[in-house]
Peer 1: 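Here it is, the structure in full.
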Amino acid sequence: MKGERGMTSTPTSHEKIWTGTAVSDGVAHAVVHVLKDHFDEPDEEPIQPGTEDHEMARLNAALEVTRQEIEELQRVMDGEQGSAESEIFETHLLILQDSTILKQTEKIVREKLVCVDWAYYKLMCKHMDALRGLSDAYLRERFLDVKDVTHRVMRHLRGELLNHPMFDEPVIVVAHDLTPSDTVQLDRTKVLGFAVETGSSVSHAAIIARSLALPAVVKMHGICDELHSGDTVLLDGEGGLLIKNPSQDTLARYRLREEQAERREDVFQVERHKPSLTVCGSSICVGANAEFIEEVEIVEDSGAEEVGLFRTEFLHLENPDATEDQLAAAYGRVVSSLAPKRVVFRTLDLGGDKIDERLALEPEPNPFLGWRGIRLSLGRVDLFKRQLRALLRAAANGRVGIMFPMVSGVQEVLDAKAVLNDCADELTAEGVDVPDEIEVGAMIEIPSAALSADLISAEVDFLSLGTNDLIQYTIAVDRLNDRVAGLYQPTHPAVLRLISMSVQAARGAGIRIGMCGEMASDLTLTPLMIGLGLNELSVATTQIARVKHAVRRLRVSECEELAKNVLTCTSPAKIRDLSRAVADRCYPELFE
Ligand code: PEP
Ligand code: MG
């Protein structure tokens, strides 16, 4: 069980259990760290006359702890990276110690007799709004500095984290929502699992948990208000449970269950490094999806035959200011560590729920239909070129594929390829060796791309089906929205037709086609995916051994027969059942 060492049960207090939706297997036993949304507007609480000094003392104490926190960060950064980051903290200290802000806050507290939380928050919001409205891009971006400082002060004013500084010890992170930018800011070496109030099995928090082999449960409604940082819990990522104050009995039961699961898992794991050939000898390449550099070892150990999707936007969110040299070094490390395996880097898929606030200063009404993926890259050619040049340089270390996300039609592919060619020409002129054999691909995750897959296939070396988005855009169902989650159906006939159409287009053009959406990891659907003609599946590292085990027990002709029957079916549930029947017959042990 993750985090067991040093943990004890609490025989005196009672267990309390919450249930949610299990999205990533495993069990962890540790203290929780509750990540609150610090920008919940504080209530405008009236205060008693005579308590104004007390309110100001609270603010001064919060400012002092924040000062120490920023100085500590500055000290660490100075040691690690030099002056640029340290200057940012200098700015933060200036904002924090601005005496005008302190005076204005005090004035509001005394005149309106309101709590200092509200007064300070309102004032800082006014400053942020003023900065956001400026035409000078540099000054406009300073609103992020004010936001960061406000964030820290509000947290300390509310008394959060003071007794449990972030990640001194391994923790289970509990949050209302865990966005990709939240995830990159966590000290992932200390995170043992996630429990989130919102989300779904295809939200990025769930995807990342599976990549990092951490237990995760989503849709744990109300959990943030019920737990406090420092509470001891057990998180069951398979049963979808979170148990506060687990008893000795519960812990013993989970230990036993884990031992049994490990023994079962060993059966699939022993053959994970062998190729995945079907019973009839067809090769199905099973690759891994990855987001972070530290996953390279997990990928290597998982039995993955390639990295079919490296989501580069997570590295970007971790360090948006990385230079071309730093990016080339980071990508190069991934490529050389995994060589001779192919690594498919997807160019930045920012936008949607993966927001770099410095690029998207104006909130969009519909971010998932907005400036996302290749649209953003083509609109910020400076950023795009920096990334493409770094990827072309990294390609010297091994086998690289470059894949464009959120392509809506062939013109975007042509435009992106033109920028890529410019980068290759520039590098060659600079004397840098650019390998010829870099493969270029496009993701099929928008219905218009699937419908024009024949046109796109003529321009690329491979296609990859991003079903997480393809499903949401085909059925018009937000992949993160709990209320419509029941409509998010991978086996909807329309989705299957678009997949089939894309496979036919790729085959017609003689290029490779794979799938890297979460649907590729669904063992119930493996027969159907093979039957539809896919021979590359890129999945979470934790699923590699199991998907390979499934593939080795399937016969292509039987899968094709299934796909033929299914394409005339009307009901998503019936289609799922038909695929499950084949799966149950060929590898029942995977469902025990
Ligand atoms: C997809 O949409 O299926 C995909 C792989 O991309 P992401 O989940 O990052 O949107
Ligand atoms: Mg996608």
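Note that ligands are numbered from 1 as they come in the structure, with each ligand's atoms numbered from 1 the same way.
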Peer 1: Looking at Arg386 and Asp325, does any basic side-chain N land under 4.0 Å from a carboxylate oxygen?
Peer 2: no
Peer 1: Say whether Glu518, considering both its backbone and side-chain N or O atoms, lies within less than 3.5 Å of an N or O atom on ligand 1.
Peer 2: no
Peer 1: Provide the number and element of each atom of ligand 1 under 4.0 Å from a heavy atom of Gly517.
Peer 2: 3 (O)
Peer 1: Against heavy atoms of Leu309, which atoms of ligand 1 measure under 4.0 Å?
Peer 2: 5 (C)
Peer 1: My understanding is that only one of Glu305, Glu439, Glu306 makes a salt bridge (Lys or Arg N to Asp or Glu O under 4.0 Å) with Arg399; could you say which?
Peer 2: Glu439
Peer 1: At a non-hydrogen distance cut-off of under 4.0 Å, which region of Lys354 contacts ligand 1 (side chain, backbone, both, or neither)?
Peer 2: side chain
Peer 1: Could you list the atoms of ligand 1 found under 4.0 angstrom from a heavy atom of Arg372?
Peer 2: 10 (O)
Peer 1: What are the atoms of ligand 1, with element, lying closer than 4.0 Å to any heavy atom of Asp469?
Peer 2: 1 (C), 2 (O), 3 (O), 10 (O)
Peer 1: So for His204, does at least one of its heavy atoms come nearer than 4.0 angstrom to any atom of ligand 1?
Peer 2: yes
Peer 1: What are the atoms of ligand 1, with element, lying closer than 4.0 Å to any heavy atom of Gly466?
Peer 2: 1 (C), 2 (O), 3 (O)
Peer 1: Hey, does Glu313 come in under 3.5 Å of ligand 1, counting only N/O atoms on both sides?
Peer 2: no
Peer 1: Spell out, as yes or no, whether a donor-acceptor pair under 3.5 Å connects the side chain of Ser203 to the backbone of Leu480.
Peer 2: no
Peer 1: Quick check on contacts: which atoms of ligand 1 are under 4.0 angstrom from a heavy atom of Arg479?
Peer 2: 2 (O), 7 (P), 8 (O), 10 (O)
Peer 1: Please determine if Asp349 and Arg346 form a salt bridge, counting it only when a charged side-chain N lies under 4.0 Å from a carboxylate O.
Peer 2: yes
Peer 1: Ion pair present between Arg512 and Asp461, side-chain N to carboxylate O less than 4.0 angstrom?
Peer 2: no
Peer 1: Should the pair Glu318-Arg188 be classified as a salt bridge under the 4.0 Å nitrogen-to-oxygen rule?
Peer 2: yes
Peer 1: Which atoms of ligand 1 sit under 4.0 Å from any heavy atom of Arg311?
Peer 2: 4 (C), 5 (C), 6 (O), 7 (P), 8 (O), 9 (O)
Peer 1: Check ligand 1 against Cys516 and write out every atom of the ligand that is under 4.0 Å from a heavy-atom position of the residue.
Peer 2: 5 (C)
Peer 1: Which is it for Arg346 and ligand 1 at heavy atoms under 4.0 Å: side chain, backbone, both or neither?
Peer 2: side chain
Peer 1: For the CD1 atom of Ile284 and the CZ atom of Arg552, what is their distance to the nearest 0.5 Å?
Peer 2: 12.0 Å
Peer 1: Hey, are the side chains of Leu388 and Thr347 touching, using non-hydrogen atoms and a 4.5 Å cut-off?
Peer 2: yes
Peer 1: Which atom, counting only N, O or S, brings Glu445 closest to the Mg ion (ligand 2)?
Peer 2: OE1
Peer 1: Flag the pair Arg210 and Glu518 as a salt bridge only when some basic side-chain nitrogen lies within less than 4.0 angstrom of an acidic carboxylate oxygen.
Peer 2: yes
Peer 1: Let me know which of Asp454, Leu451, Leu496 forms a side-chain contact (heavy atoms from CB on, under 4.5 Å) with Met501.
Peer 2: Leu451
Peer 1: Specify which N/O/S atom of Asp469 comes nearest to the Mg ion (ligand 2), by atom name.
Peer 2: OD2
